[in-house]
Each structure stands twice: as structure tokens, then as C-alpha cells.
Asks: 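Below is one structure. I have some questions about it.
We count ligands from 1, going down the list as the structure has it; atoms in each ligand are counted the same way. This is a predicted model, so every value here is computed, not measured. Nothing fancy with the numbering, it's 1 onward along the sequence.
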Amino acid sequence: MTLGKTIDGKAFAAKVQDKVAQGVAKFTQSQGRKPGLAVVLVGEDPASAVYVRSKHKMTIQLGMESFEFKRPASISQEELMELVEELNGDPRVDGILVQLPLPKHLDEQAVVELINPDKDVDGLTPISTGRLALGLPGLVPCTPLGSLMLLQDELGDLSGKNAVVVGRSILVGKPMAQLLLNANATVTIAHSRTQDLASVVHQADIVVAAVGRPEMIKGSWIKPGATVIDVGINRVPAEEEGKTKLVGDVDTAGAISHVAGITPVPGGVGPMTIAVLMRNTLAAAHLRAGLPAPEGL
Ligand code: GUN
């Protein structure tokens, strides 16, 4: 086994996007309309605004309709719920994504629960979460599904492999563990209260790091030959004064020499998240049109 490989998430995401674009062209021809994605952004969070802009650009680039709804942070719960209801009933909209986090005065869970599960391209409604837990087909959160696709591309069958997921968030950790379990891996979920995290991580053939703490997982914790998916995107001060840079949750410099593969930050999982959102939008359009799931995705 060659060690020290970087897993090129950007290149893999480009391949997924090509397949989505082909699927979109077929759908548009057969249905006489484009698949549509509605994205709701509340407030002025700069990171969220950047994500929403890239989602919009990619949606258009792959031939789909993009509907953007920017609302002030002062929006009321009722107004936001009304908007989601409208999108649920809009025949041009196949996918609905409400960018998280929402401002503190809003009840995030109530908004997410209102989304029609058939349009839940984020895979966050209780119906989607339940279907994933039951191992039934359904829409799955984008970042974990993108991470699983990278792992399967690197390793093939994941049966019996020891996977450690560090982090238990609704958006990444929990659905990631579920996906790995459904792929027959032996799964451990570690988190901030885990005792002796270093030795837990050292057992893993597969490490998925999703804790949101810069370079918290040290290279020496990782077993030689393991495959590492670094979901973290943390902005930290750069060497040059006044500048910042992005780092993951894993100390990549300390891990690179002895891993079988590791996703870089940026350029690893990030591009996969958007590619899978596009995939999920096409899949939702197929579902709503009564078509079988898109091929090869
Ligand atoms: N904020 C950060 N990541 C995500 C995501 O995947 N979906 C939504 N809705 N909000 C996010």
C-alpha cells in the first residue's frame, strides 16, 4: 500500500457533477421542465452567504432552476413557516434547503419539520432521518453521503471495517454513522465526552472527523494505513499577520506520512457536499415525477 495520499474530493465532485448534468438534461427533455432547487437564507452570516452563492451557481451550471429567498434576520417564525409552506406547494420546486444555522429567535426544528420529505434535499426531516435509520431508500444529508462516496471510491466494500466517527451532530456525525452501519462497517461514535479519544481513534481503519475543532485529531492517533475523511472547515489565523486560513479537524501534517489516504481542507469533502446537493435535487425531481432513481448516482 502506498501511504501519504491526498484524496482529491474536488476531482471526484466534478465527476458527480458531470453525471448530474447528464441526468438533468434527460429529465428536462422528458418532463418539459428543469429540476428546481429553492434555497432559503435568513440573516447576514457571511459564511452562509458564501455557501448559498456557490449552491446557486452550481445549480445553474448543471442546468437546473435556482430559486433564492433571502430574508432579514428579523423575519418572524410565522413568516418563515409560510415561506416553507409556499415552497412545499410550488410545482417548480423539487428541493428545499433552509440554510442553517437560523438566527437564535427562530425555532429551527419546527421549520425543518415543515419541509415536505419528498423535497428534503438536506435529508434533515424526521421522515428522512427515520428512513435512513431503517435502511430504507430516501434523501440523505449531503456531507455524510459525499463522505461515504469518497470512502467507497477509495476502499470499495466497507464490510467489517472499523470506522470511528468523531462528532455526533445531526448534520454530519449521526447520519454518517448510520450510513457506515448500513454499509456493514463496525461503527463507533466518539464525541467530546469520549474517554481516551486517542486510543479509540487508533483502532480505526476509517476515521471521519466532524467535531469542528481545528486540528484536534493528532497524526499520532491515526493507525498506519487508515483512511481519513476530514469534514472540519475551521478558519484560523495564518502565519502572515492579519491573514486567516482554513484547516480541518485533523492535524494533516502529522498524519499524511502514514495514512492510506486523507481528504485535504479545502478541496476534500467541501466540494462533495455541493455535488451531492445537486444529486439530491435531481433525485427528488425523479421521485416527484414518479421516475426511478437517477442512474449511476
Ligand atoms: N449549514 C452548514 N452546512 C449545511 C447543510 O448541509 N445544510 C444546511 N441546510 N445548512 C448548512
Asks: Please say whether Tyr51 places an N or O atom under 3.5 Å from an N or O atom belonging to ligand 1.
Replies: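 Among all N and O atoms of Tyr51, none is under 3.5 Å from an N or O of ligand 1.
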Asks: Looking only at protein heavy atoms, which one is nearest to atom 4 (C) of ligand 1, and how far off is it?
Replies: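 Nearest protein contact, heavy atoms only, for atom 4 (C) of ligand 1 is Leu171 CD2, 3.5 Å.
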Asks: Check whether any side-chain heavy atom of Ile115 sits under 4.5 Å from a side-chain heavy atom of Asp122, and report yes or no.
Replies: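 No; the side chains remain at least 4.5 Å from each other.
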Asks: Show me which atoms of ligand 1 lie under 4.0 Å from any heavy atom of Val98.
Replies: 8 (C), 9 (N)
Asks: If we ignore angles and hydrogens, is there a donor and acceptor under 3.5 Å between the side chains of Thr125 and Asp120?
Replies: yes
Asks: Contact between Pro141 and Leu124 at the side-chain level, heavy atoms closer than 4.5 Å - yes or no?
Replies: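 With C-beta onward as the side chain, the pair touches.
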Asks: What residue and heavy atom of the protein are closest to atom 11 (C) of ligand 1, and at what distance?
Replies: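 The protein heavy atom lying closest is Gln99 NE2, 3.4 Å.
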Asks: Closer than 4.0 angstrom, basic N to acidic O: yes or no for Arg288 and Asp94?
Replies: yes
Asks: Minimum distance, heavy atoms only, to atom 9 (N) of ligand 1: which one of Val52, Asp122, Leu97, Leu124 is it?
Replies: Asp122
Asks: Does ligand 1 have a heavy atom under 4.0 Å from the side chain of Leu100, from its backbone, from both, or from neither?
Replies: both
Asks: Show your reasoning for whether side chain to side chain contact (heavy atoms under 4.5 Å, CB included) applies to Met149 and Met272.
Replies: CA-CA 9 Å; Met149 287 162 80; Met272 285 303 290; 4.1 Å; yes
